[in-house]
Amino acid sequence: MTLISDLQIAAPEILLSGFALVALLVGAFAGDGSSRFLRAFSTVVLALASLLAFRQVALPPEAAFGGLYQTSEFTSFAKGVVYAIGAGALFMSGGAVRRDGMERYEFPLLMIFASFGAGVMLSAGDLMSLYMGVECLSLSSYVLAAFLRDDLRSSEAGLKYFVLGALASGLLLYGASLVYGFAGSTRFDQIADAPYSIGLVFGLVLMICGLAFKASAAPFHIWTPDVYEGGPSPVVAFFATAPKIAAVVVFANVLFSAFGVMEDQWALIVAVLAAASMLIGAFGALNQNNIKRLLAYSSIGNVGFALIGVAAGETFGTSSILVYMTIYVVATLGLFGGVLAMRRDGKNVELISDLNGLSRMKPALAIALTALVFSVAGIPPLAGFFGKLMVFRAGLQADLLWLVIVGVISSVVSLGYYLRIIWAIWGKEPAAALDPVDFGVGVTVVASTVITFPVLVIWIGGLINATSFAAAG
Amino acid sequence: MQLIAFYILSTVVLLSAFLVIAARNPVHSVLWLISAFFASSGLLVLIGAEFLAMLLVVVYVGAVAVLFLFVVMMLDVDFVELKQGFLNYLPAGALIALALLAEIGVVAAATAAREASGFDPSPGADTNAEALSRVLYTDNLMLFQLAGLILLVAMMGAIVLTLRKRPGVRRQNISEQTNRRREDAVQLKDVRPGQGI
Amino acid sequence: MGWQEIAALIVVFAPGVAAAVAGLGQRVLGDRGAMAITTGLVLAAAGAAASLFFPLVFGTHAEGAHHETLVLATWIDVGPIVADWAIRMDTLSIVMMFVVTSVSALVHIYSISYMEEDPHRARFFAYLSLFTFAMLMLVTADNFIQLFFGWEGVGLASYLLIGFWYKKPSANSAAIKAFVVNRVGDFGFALGIMALAFMLRAPDQFLNPDGSVGADYLALLGVDKFSSVKFDTLFGAIRADALVQPFGAATAVPIQSVTFEFLGQYVYGLEIVGFLLFIGAMGKSAQFLLHTWLPDAMEGPTPVSALIHAATMVTAGVFLVCRCSPVYEHTVVAADIITVIGAVTCFFAATIGLAQNDIKRVIAYSTCSQLGYMFFAAGLGAYEAAMFHLFTHAFFKALLFLSAGAVIHGLHHEQDMRNMGGLRTKMPITWGMMVIGTLALTGVGLPAVEGLHLGFAGFFSKDAIIETAYASHDTFAPLAFWLSIGAAVLTSFYSWRLILMTFHGRTRADHHTFDHAHDAPVVMLIPLGLLAVGAVFAGGVFYDAFVEHHNEAFWAGSIYRGEDNHVLHERHYVPLWVLLAPAAAWVSGLLAALYFYGLRAGLGARIAASGGPLHSFLSRKWYFDELYNFVFVRGAALLGDLFWKVGDRAVIDGLGPDGLTAAAKAGAGGLSRLHTGYLFHYALVILLSAVAIGAFILFGQGRG
């Protein structure tokens with residue numbers, strides 16, 4: 001293995017980090033005036049990285065940097081989605097960034113670093129590189145959450161995220177060091193070969209806790225609503241999508257590849273986390289009036305559904321995790337586009353009641369949001385339905401009937417608050433008019449709606465096929 | 001002999017760590033922290049990792065702890081008030097701590113008496129600085145670079161969140177100062193008595 | 001990719017593109033642009049379809065028609081259920097493609113003039129093209145799922161077009177009625193597909209270790225990939241009588257012998273599938289018991305009636321039965337049900353046609369009746385004859401509808417024949433077209449002369465069916481034969497009655513309307529003329545290919561007949577009187593009509609006015625609407641009331657939504673209280689959870 005071939009294997013991350021370093025220099029010398037240019041450029045680079053990552057899917061799994069970096073179809077696919085969604089989030093952030101006074105060149109670069117961190121942790125073949133990726137993602141996220149530094153809520157969100165995130169990182173690190181101590185290695189494949197010991201299990205438990213925090217699975221979800229509510233909307237749109245799928249897939253990847261033989265030990269924990277997430281996601285959202293807070297609970301619930309796929313294990317769950325999360329993050333990006341579009345008299349508004357009568361003010365946006373909400377709620381024939389179908393099927397194949405029943409019940413309960421949004425859009429009298437929608441937001445919402453319905457509905461077979469590999473590998 | 005040193009140093013570490021959180025005066029807390037760092041570096045010396053021990057003293061005692069001290073002394077926070085709530089949460093916190101301790105105890109008991117036999121503090125090299133750098137710059141090159149990137153992100157974060165450009169701030173410009181000549185600064189006027197300028 | 005494939009792609013996707021462009025871009029394009037694009041693209045599709053169809057009839061007999069399936073993309077691939085987006089190009093599909101696109105193109109042209117004054121023309125044309133696209137998806141499907149997609153697509157387009165004049169309450173309710181009645185049929189259809197997917201499963205001994213189907217089994221079926229919803233897999237299995245092992249069954253059984261327990265009896269699986277699929281066909285093709293929506297559908301614009309409710313969509317049921325000929329060749333009961341329902345419909349609808357006064361409703365019942373002919377022909381095993389009648393009927397029935405449309409157009413939307421009469425002098429061309437259509441419908445021709453093909457289109461196809469009914473050995477064949485002869489008499493009577501009431505005698509139209517009556521503009525007459533050509537020649541020209549000497553080469557296996565099914569051949573040996581009977585039927589019908597509405601003009605009206613029980617029975621359509629209203633609508637309302645008050649409100653709401661809502665509210669409140677916003681609370685929760693999970697693993701699992 002030469003360095004050159006290592007770099008080739010890690011091409012998407014090399015591209016991102018190299019670009020970020022150059023762009024940082026450009027920004028530092030050219031000042032904030034270059035931020036628009038850098039934002040556009042960053043979007044393109046993320047999209048390119050996405051293409052490179054999807055290209056990895058087709059290649060055979062490879063290891064680089066002495067096994068620290070490890071590609072597989074499962075994680076490369078997720079990485080492609082992460083970068084593409086990151087590009088989408090950056091693309092639609094333009095207007096909001098400009099108006100809310102976030103027009104600084106560090107903004108796109110932090111998004112790049114966050115995506116980069118997500119990519120590194122997805123491709124980690126070793127506990128150390130996993131931790132590095134997690135930290136890179138987390139640190140960037142903390143700063144992004146507090147990016148509106150003069151806004152009290154944003155600062156509070158950043159601080160809370162930081163402190164709790166540090167706690168979770170501590171748990172993760174403690175767990176990792178226990179695993180290292182008892183397995184004698186930090187490499188996933190060598191951990192998998194290590195003899196069973198109670199210390200290994202305990203390390204695994206602590207690592208699960210740390211990773212569950214990053215994926216905001218209950219009961220480690222507790223930071224999510226506050227951060228989503230307080231963080232700047234374009235940033236939250238990013239949080240709820242790209243890192244989310246990355247965290248869930250990393251969760252699955254670590255459990256499958258390093259702890260596959262201990263499935264009996266962790267399957268039940270993951271199932272409990274899934275059930276708790278689904279229930280808390282469903283019930284917690286019922287009383288919310290703030291749409292960002294509501295979407296935070298919705299994302300907790302949806303992580304729960306994806307964790308059904310994780311609990312189902314590598315044989316049954318892999319494809320369903322990717323299908324579910326892909327469909328979910330695409331729709332969620334569009335929904336946050338809707339949140340970005342909610343501005344009245346130049347100010348952001350974010351109550352559900354601010355959507356009142358949207359169907360009469362902006363029919364196209366109303367239709368798009370309705371389709372996206374229904375998709376996230378899992379109503380046929382929208383794509384989200386197939387996602388839920390896939391995870392439920394995986395759950396049933398793995399004999400997790402009780403978990404599937406909990407899932408169905410939470411789906412029904414969560415309909416309650418999804419319908420509140422729909423009712424506000426279609427059934428209520430219009431409030432004062434909303435400001436015109438930014439171009440980038442409009443394009444992103446339309447694109448995510450079209451992908452949700454009908455593209456992914458028609459190509460659902462293709463998507464399932466494209467993600468049905470890991471059971472073999 | 002080593003065993004005695006180990007127990008003394010460990011006791012100091014644990015005691016200092018407890019006093020960090022128990023001390024009423026935050027300045028004392030930081031001082032206890034420094035004490036804990038010192039004792040830890042002693043532990044590292046005991047297992048032959050002199051390089052790490054030195055790093056701990058230089059970086060943590062020399063830089064981090066001093067920085068903490070500055071922050072604590074400069075911030076005007078009423079720590080007494082902050083500590084008010086502490087006792088309220090002590091029972092719950094203690095309970096969790098006990099539970100965690102019990103769990104770790106179980107793990108330790110199940111795997112008791114594992115000896116760190118054949119431990120070589122500097123494999124394949126004379127000094128452990130050399131051994132460390134060999135691993136760091138070859139096998140773990142990627143991690144080293146990643147750590148650099150993370151530090152960069154942290155730096156960016158600090159700048160983003162705190163750096164403010166205020167208009168109208170007077171700054172010292174050294175080149176301007178040194179390039180200043182007499183003609184720029186001094187103007188000679190002939191002032192006639194009784195007339196003013 | 002040869003011309004065949006390119007042509008097929010044009011045929012299927014040109015109307016789809018037209019619909020999308022005209023539908024989405026109507027504001028940009030304007031009415032004219034939308035009309036030009038849809039009409040142009042559908043014409044292109046018709047041209048491409050003709051280039052596929054005519055070589056099949058005239059050119060390539062020697063080498064045999066070629067059979068291929070153009071797979072565009074995989075849609076669903078879940079275990080044994082694999083469905084592609086595909087264009088299946090066998091004779092059956094190509095015939096349908098030709099019928100659909102050619103009639104659709106003519107209707108598009110006709111509508112340019114017919115809908116001239118409508119403000120929503122662009123929408124209308126977009127719907128028409130959408131319908132055409134969905135119908136083509138239906139006929140080119142290579143699996144039941146795509147077929148179902150097209151099936152629902154045409155249903156949707158039909159709903160939209162019936163209710164096109166949405167400000168008219170009657171149009172709205174007719175659209176809803178059509179939709180609801182079709183749901184009944186579609187439910188059966190969907191159940192049929194599910195039953196099929198349930199039954200058609202490769203036996204365990206043929207499965208590879210990874211769950212895929214073994215190569216020897218695939219070779220037995222003659223397919224590359226196993227899919228329980230694909231035609232080729234099903235038909236291959238039936239032909240080879242392959243072993244199948246339905247889900248949950250312990251052993252494998254040959255597919256023709258698979259049985260299921262149903263209501264305490266054992267029923268053959270194929271019978272169930274065949275019956276359920278036929279339920280779907282009944283709904284779409286408005287057969288007896290599910291026929292009530294078709295006459296009401298006449299609320300839509302007349303071009304719609306011509307295209308959807310005469311020539312194409314309603315024949316989808318016949319197409320489905322013919323497509324599934326391998327199934328029905330191996331069923332007894334299901335095929336008999338088709339025969340009986342078809343025969344009853346052909347007679348029953350004709351009787352209602354006698355007493356209707358709305359010009360379009362008469363033709364609608366006539367359509368219903370002719371569809372009955374097609375069905376019982378298929379039920380008796382003469383699928384080719386059914387398809388032939390479908391083919392000719394498309395032309396002359398579209399001609400009749402469009403001519404009626406010309407009359408309605410000329411009289412400013414007057415549809416009641418009691419307010420017409422004497423229009424022959426005012427609109428001679430329309431009259432001529434109508435007479436040609438009627439001659440074709442009633443089957444005028446020169447029977448019993450070997451080798452001389454002289455007659456209108458309906459003569460060949462209808463007589464072929466009637467002869468088949470006589471020649472068949474089926475238990476219900478005599479019933480079908482006599483009912484079809486009776487229906488032929490009635491058909492002739494009501495058709496000529498329509499001509500006489502509309503065009504002859506003294507006018508009953510009001511003075512002003514009559515004076516302004518005129519022939520339609522030339523844009524409308526061109527399609528009429530082309531359809532008239534079809535109505536005259538479609539029978540004689542294609543007789544050989546469809547049902548005579550060349551039929552084996554022409555169909556080339558796209559229709560399957562069992563080894564002992566020679567009914568199409570045996571019809572040549574029927575006695576002379578059977579050949580003459582249809583001719584006698586139309587002559588007697590014509591004479592009766594002349595007597596009632598020509599010589600003794602006004603007699604018919606007096607009979608109607610006297611309100612005799614027979615007349616009101618017929619004019620109220622055998623009281624079917626009233627019966628359904630009483631049994632289903634009111635019955636459902638009563639039942640619903642019961643369920644609502646007792647079952648739903650007390651039991652389900654109490655325990656379910658209301659109880660659940662209360663629980664959810666309480667839970668949500670609790671969760672909200674948990675979210676204090678204090679950092680140390682959050683940290684506490686996280687640590688507590690971590691410790692709890694650790695304890696659970698360390699202490700809980702050890703014991704459990």
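Quick note on labels: first sequence line is chain A, next is B, and so on, each numbered from 1. All of these numbers come straight from a predicted model, not from anything done at the bench. Side chains included, hydrogens not; waters and symmetry mates left out as well; all remaining heavy atoms used.
Only the side chain of A/Leu167 comes within contact range of chain C, with heavy atoms under 4.5 Å apart. No part of A/Val272 comes within reach of chain C, as not one of its non-hydrogen atoms sits under 4.5 angstrom from that chain. Of the two parts of A/Leu273, only the side chain, counted from C-beta on, holds a non-hydrogen atom closer than 4.5 Å to a non-hydrogen atom of chain C.
Residues C/Ala73 and A/Trp459 come closest through the heavy atom pair CB-CH2, 3.4 Å. Shown here for A/Phe202 and C/Gly694, the closest heavy-atom pair between the two residues is CE1-CA, 4.2 Å. Minimum interatomic distance between C/Tyr682 and A/Ile222 (heavy atoms only, all atoms of both residues): CD1-CG1, 3.5 Å. Of all non-hydrogen atoms in A/Ile458 and C/Trp85, the two that sit nearest each other are CG2-NE1, 3.5 Å. Contact detail for A/Leu171 and C/Ala690: the closest heavy-atom pair is CD1-CB, 4.2 Å.
Side-chain contact between C/Leu679 and A/Trp223 is absent, with no heavy-atom pair separated by less than 4.5 Å. Within the 4.5 Å cutoff, no side-chain heavy atoms of C/Ile693 are placed close to those of A/Ile208. Residues A/Leu268 and C/Phe696 are in side-chain contact: their nearest non-hydrogen atoms beyond the backbone lie under 4.5 Å apart.
Looking only at heavy-atom pairs under 4.5 Å with chain A, the residue among C/Ile686, C/Val82, C/Asp77 that has the most is C/Ile686. For chain C, the option among A/Ala218, A/Gly210, A/Ala168, A/Pro225 with the highest count of heavy-atom pairs below 4.5 Å is A/Pro225. Comparing A/Ile269, A/Leu159, A/Val457 by how many heavy-atom pairs each has under 4.5 Å with chain C, the most go to A/Ile269.
The environment of CH2 in A/Trp402 is crowded: more than 12 heavy-atom neighbours from other residues, nucleotides or ligands sit within 6.0 Å. More than 12 heavy atoms of other residues, nucleotides or ligands lie within 6.0 Å of CG in C/Asn208, so this atom counts as buried by the packing criterion. Surrounding OH of C/Tyr159 are at most 12 heavy atoms belonging to other residues, nucleotides or ligands under 6.0 Å away. Heavy-atom neighbours of C/Phe187 CZ from other residues, nucleotides or ligands within 6.0 Å: at or below the threshold of 12. Applying the 6.0 Å contact sphere to CZ of C/Phe148 captures more than 12 heavy atoms from other residues, nucleotides or ligands. Counting non-hydrogen atoms of other residues, nucleotides and ligands closer than 6.0 Å to CZ of A/Arg393 gives a total of 12 or fewer.
Taking CD1 from A/Ile460 and CD1 from C/Ile76, the interatomic distance works out to 10.0 Å, rounded to the nearest 0.5 Å. The CG atom of A/Leu164 sits 9.5 Å away from atom CG of C/Leu687, with the distance rounded to the nearest 0.5 Å.
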